Amino acid sequence: MRKVIKSLALGVLATSISTGALAADRYPERDITNVVVWSAGGGTDVVNRMISAEMAKFLDVNINVTNRPGGVAGSLGMSYVHRKRADGYTLVGLSESVVGSAVQGGWNQKMDVWYPFIVGGSPDLISVSAKSKYNTLEELIADVKKNPRSIKASAGGAGSIHHLNLLALMNGTGAEFNYIPYPGSAPAQTAVMTGEVELVITSLAEQQQLIKGGNLKPLAMLVANDQELEGFGTIPSAFKAYPSLEKYLPIMQAIGLAVRQDAPDNVKQKLTTAFQKAIATPTIQKWAQDNFYVLSGLTGAAASKEFAFLESLFSWTLHDLGAAKVIPSKLGIPKPSELN
Amino acid sequence: MQPEQLMALRRADIKTAVILIFVAALMIVESLNFPLTDSYAGVQNAWYVSPALFPILIGSLLLLCGAILLLKAVVFVKSNAEVATAKETKASWWRFALLVSLIAGQIFGWVPLVDFALAAFIFLFLFIFAFHSDNAVFQGRIFKIWTATSILLILISLFAELSEETRFYVDILVLVYMAVMVWLARSWAQKSDQLNVWKISWKTALVVTIVICPLFRLGMLVPLPTEGIVIERMVDMKYVVRDYWRSL
Amino acid sequence: MDILASFSVFGSTLLTLLSSPTNLIILLGASFAGIIFGALPGLTATLGVALLTTLTYGMDVNTALIALLGLYVGAIYGGSYPSILINIPGTAAAAATALDGYPLACKGEGGRALGLTTTASLIGTLLGILVLVIASPTVARMALEFTSFEFFLLALFGILISGTITSSDLVVKGWIAGLIGLAVSTIGRDPLQFFPRFTFDMPDLDQGLEVVPVLIGAFGIPQVIKALRNKESLGAMQQFGRILPEWRTLFKNRNNIARSSMIGIGIGSVPGIGEDIAGWVSYGTTKNTSKHPETFGTGEPEGIIASETANNASIGGALIPLLTLGIPGSPPAAMLLGALMLHGITPGPMVVVETPDFLIEVTAILVLCSFAMWINGMFLAKQVVKVLRIPAAIFLPVVTLMCILGSYALGLNIFNLYMMMLVGIVAYFLNEMKYPISPLVIGVILGPMADENLRRALMVSEGSFMPFIERPVSIFLLSVIILIMMTKLPKYPKYKAALVKLLGLNRLFKAKGE
């Protein structure tokens, strides 16, 4: 018994003094917390719980997923993690939608404070109700061009990735829809089924069940490639009918997690290795395939570049819509055209 | 209800009604600054889409209800002018002040700054001791000491950016403070022959703290508001036990 | 699939699940944990399911579902404990239970109240499951009749019905409390245009106030202050009464139970709102249709039965749109959706086609969960009542600490504590001045729904109010609302008599004993 107590006491002492450079070598020796900035049960939450559980196997510690939603586009969760030590024990689970936080006054940091790992996202598509008279995107666009703003469209909340996709579609085709905002993808899709709006733009992951179940009729993918959907057939890409869309699209989701950029290099290295191994596991691969997620697997500089692009796009779009509190250039965010 | 109490209620109603009318008016004025007809965030606007619609509606109804309440209360007070107004006793107000000070002090002063286990123990100990002893003298003393320390903590977190190291020393100071308080309480209790109250207070506080902290931090994996010397040691302990387990 | 085949799947699922000791332990454990979660102020079913989701990652689907659903059912029920014993609802779902549960406990019948709650919850859950199995396609189709117009009317209905849970003082005070709640609910970004309203540039206020801190602030803090300031003791401690299922009382309340569970299922199945509101609406309806509404609020068992049956019935209701359309009907159901997706099941219309037995399996698991809840409940209720033996001066400080921790845990946000304190002080004074607090909380919960849907409805109709009287569900809701308003008119009995006479329905009403 005395031996046990002695070793316990020694252990406590050892762990207490093991801060600094030494600790980084032994990383990770404690459980890691992944703070998701969106509420539990949503897409970002599910993806983070999956990838955390898989990464945990390679890091040999638990990764506890907690949620800290709220603030402006996830700003509360981000500033919470950013206030924590840069020791790699607190990660932030985020998605592309957080990039607009700074220009909307949520916090005063750019996305370059993070060292991101992008799991991926699901491509957006445009769909109408199964009962709708429209069968192709061309019919719909031709109709709305005759009577601008006569057709109601939903695409999740104002300023969300789906809203940006809708704006890009309108810019690329010259059609003008009447945008009706909903607080999320599920209510937006329901609104099409109830007939409140005519069309919806959300991701394939969110729509696939409703398409297969015959509730929604997909018109076109808002990415360059056609999409095969078992039980339905081929969903054509909108780019074929409207090549000008290439200038504005695709705008893809980027769900993933991040650690503070100023974390020690070998912590980042260890996380990267675990992340890449986790992405390659059959569990994640199969899950992504079943749920129509396109895996990205980008880390570090490449992932930062992706986020910088999204940040620029979201910030300036919000600015153009008059919904930005801070001028993006004040934060040092370049226009999308200025990025290389 | 006694007529005196009803009178006191109606007099209070006049005050609340005036506050309500004022707040409702402010709400309406503020709402008028919201985008009323111009587009915002890519949503085309009209009067019925404006974010001001609902607040103005609620504000106006609140204004109306406040006015009705004011009218009813004034009429009542005028027509029953001869009835006296009931008053709460002074002792009751002291207890109220102590309760608010305890809870508010804990929330604004202790929880954001001090290790949660320490904050929880001292809060529970003083809270239980003050009310279980039911001794107005103790309550008065605890009110003064607790209010002063809580305000001090609030000032520290407002004006000083504490580093990890200083937080450590704050926790040490709190430990000393705790020991002093428990000891002080004991000497008070001894004088008024309430030693059993003192005993049950510190025992309950300790047991609840020891149960709750690991339950939330380790059992439900909820990070606690402030993790200082006690909680961090507790978490370290978990890994030592784990490593020891693995080495077997 | 025909009914016989369904039954055999149901039976075999039950048998397989019951034959595994691990499953049984998980079932009882999760249900127990759920009850504790619900009973601790501030910890909700949503948080519980979120925490369990990670833990169940490695399990197979059925075992994971046992744990998750067991916790969900337990948590909705467990919220009634503190409601009855100390007048502080553990979850928003159980807030209406406190109105009659606490007075009963004060009379020394706390044990009886807990017994009734337990069995009413069981019956509510089972009825919810029954509707889930036999009528889910119909209910799902009905849920699709709800557009912004109906959502607005439903929110209005909820607000009005809670307005009938009025003050003992002036009627206008109930309205003021409700309006304060609605006013508070406008804080934050508006849900349509994302414009920040009354946020004073504080990022913490951007998403508006969370329901849990408001709930704890509105009920918990005032109760602690009131009891300790006035040196009140909690519920009567001299006798606890025996805790029995009280089948007879429940049988007498069969109409009440049928109505309450229908309300619960209906509200649960409408996407976006769930058990939080179901208890209130059912309580209000039962009070309004009762022959003796004046006994409500003084320890009326009918009130407890109404709210507890409804909030548990809404579990089955909330699962209907989740499993058939992939739309969660309530916040914990939204979390459940995430958990199912982790296990590779995307709920939606294809579930019936791709895994035809899934719905039946869920039903079997739910049945097990509700019985586990009942067994745990009957056992726990006896123990839990004993906390009333602890003097208030020792018990309430501990409750206060739990309130603080509970308000913090869901959002990990100290700002929520500040809000809880602020709401607590205001609610205490409102309480002292005889304002009812319940309408305030309901206002906070339903305010955003009313605001968002009214404006969106007008946006869709381009400013026209006509759809309100053109859509069938809308007309129905509107007439119910007008009926409620009419019963509040002073001369209502006279009008009613005249109308009854006019339509020649005297005999019908006489026969009913009017």
Side-chain angles (χ1 to χ4, degrees), chain B residues 9 12-13 16 20 23-24 27 30-31 34-35 40-41 43 45-55 58-59 61-62 65-66 68-69 72 92 95-96 99-100 102-104 106-108 111-112 120 123-124 127-128 131-134 200-201 204-205 208 212 216 220-225, chain C residues 43 47 51 54 169-170 172-173 175-176 179-180 182-183 185-186 190 192-195 197-198 221 224-225 228-231 391-394 396-398 400-402 404-405 408-409 412 414 417-418 420-421 424-425 428-430 432-435 447 450-452 454-456 458-459 462-463:
Chain B
L9 185 62
D13 283 345
T16 27
L20 268 178
V23 172
M27 187 175 167
E30 174 77 21
S31 306
F34 298 166
Y40 188 83
V43 181
N45 221 335
W47 65 267
Y48 48 79
V49 192
S50 164
L53 175 69
F54 200 65
I58 299 299
L61 286 172
L62 207 50
C65 287
I68 295 174
L69 182 66
K72 285 200 168 185
S92 158
R95 279 198 297 277
F96 174 74
L99 282 161
V100 172
L102 277 167
I103 305 174
Q106 173 78 355
I107 287 174
F108 291 95
V111 168
F123 170 74
L124 284 176
F127 201 162
I128 296 173
F131 284 91
H132 195 46
S133 68
D134 198 19
I200 196 151
S201 304
T204 316
V208 172
I212 281 183
F216 273 75
M220 301 202 288
L221 305 172
V222 175
L224 295 170
Chain C
L43 302 186
L47 180 65
L51 291 173
T54 319
D169 196 34
L170 303 170
V172 72
K173 288 189 174 176
W175 293 107
I176 290 177
L179 286 169
I180 292 177
L182 290 173
S185 80
T186 61
D190 99 85
L192 276 192
Q193 299 188 15
F194 224 51
F195 180 83
R197 297 187 296 197
F198 311 113
I221 302 292
V224 169
I225 296 181
L228 289 178
R229 180 186 181 187
N230 304 339
K231 300 188 186 177
I394 295 178
L396 289 181
V398 180
T400 314
L401 190 73
M402 287 312 304
I404 293 176
L405 212 45
Y408 173 80
L412 302 183
I414 291 186
L417 297 181
Y418 301 161
M420 177 189 87
M421 189 68 208
I425 299 290
Y428 174 75
F429 280 111
L430 288 179
E432 287 288 282
M433 289 186 282
K434 308 275 180 265
Y435 288 86
D451 175 17
E452 176 191 336
L454 171 63
R455 285 160 52 207
R456 191 186 302 113
L458 290 173
M459 202 168 161
E462 280 153 23

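The analysis underlying the following values was restricted to heavy atoms, covering all of them including side chains, and did not include hydrogens, waters or symmetry mates. A quick note: this is a predicted structure, and the numbers were derived from the prediction, not measured. In what follows, every chain begins at residue 1, and chains take the letters A, B, ... in the order their sequences are listed.
- Heavy atoms of C/Ile225 lying under 4.5 Å from chain B belong to its backbone as well as its side chain.
- Counting heavy-atom pairs closer than 4.5 Å to chain B, the top-ranked of the candidates C/Leu458, C/Asp451, C/Val224, C/Thr186 is C/Asp451.
- Proximity to chain B (any heavy atom under 4.5 Å) is restricted, for C/Tyr408, to the side chain, taken from C-beta onward.
- Taking C/Gly424, C/Ala450, C/Gly447, C/Pro397 one by one and counting their heavy-atom pairs under 4.5 Å with chain B, the maximum is reached by C/Pro397.
- With chain C as partner, the option from B/Val23, B/Leu69, B/Ile68, B/Val111 having the largest number of non-hydrogen pairs under 4.5 angstrom is B/Leu69.
- At a 4.5 Å heavy-atom cutoff, the contact between B/Phe123 and chain C is made by side-chain atoms alone.
- Using a 4.5 Å cut-off between heavy atoms, B/Leu62 touches chain C through backbone and side chain atoms alike.
- Proximity to chain B (any heavy atom under 4.5 Å) is restricted, for C/Leu51, to the side chain, taken from C-beta onward.
- Contacts between C/Leu417 and chain B at a heavy-atom distance below 4.5 Å involve backbone atoms as well as side-chain atoms.
- With a 4.5 angstrom heavy-atom cutoff, B/Leu53 touches chain C only via side-chain atoms.
- The parts of C/Glu462 that come within reach of chain B are both its backbone and its side chain, each placing non-hydrogen atoms under 4.5 angstrom from that chain.
- Look at B/Asp13 and C/Lys173 and you find a salt bridge, because one of the NZ, NE, NH1 or NH2 atoms lies within 4.0 Å of a carboxylate O, short of that distance.
- B/Phe108 touches chain C through backbone and side chain together, each having a heavy atom under 4.5 Å away.
- Put simply, the side chain of C/Leu412 reaches to within 4.5 Å of the side chain of B/Pro223, judged on heavy atoms.
- Using a 4.5 Å heavy-atom threshold, the side chains of C/Met402 and B/Ile212 count as touching.
- Note on B/Leu61, B/Ile58, B/Val100, B/Thr16: by heavy-atom pairs under 4.5 Å with chain C, the leading option is B/Ile58.
- For C/Ile414, the part lying near chain B is the side chain, with the backbone staying farther off; criterion is any non-hydrogen pair under 4.5 Å.
- A side-chain N or O of B/Ser92 and one of C/Arg229 form a donor-acceptor pair less than 3.5 Å apart.
- For the set C/Leu401, C/Ile180, C/Leu182, the count of heavy-atom pairs under 4.5 angstrom toward chain B peaks at C/Leu401.
- B/Phe127 is listed as a side-chain neighbour of B/Leu99, based on a closest heavy-atom distance under 4.5 Å.
- For a residue to count as touching a neighbouring chain, one of its non-hydrogen atoms must lie under 4.5 Å from one of that chain's; by this rule C/Phe198 touches chain B with backbone and side chain alike.
- Only the side chain of B/Leu20 comes within less than 4.5 Å of a heavy atom in chain C; its backbone stays farther off.
- Options C/Leu430, C/Ile425, C/Thr400, C/Leu47 differ in how many heavy-atom pairs under 4.5 Å they form with chain B, and the most are formed by C/Thr400.
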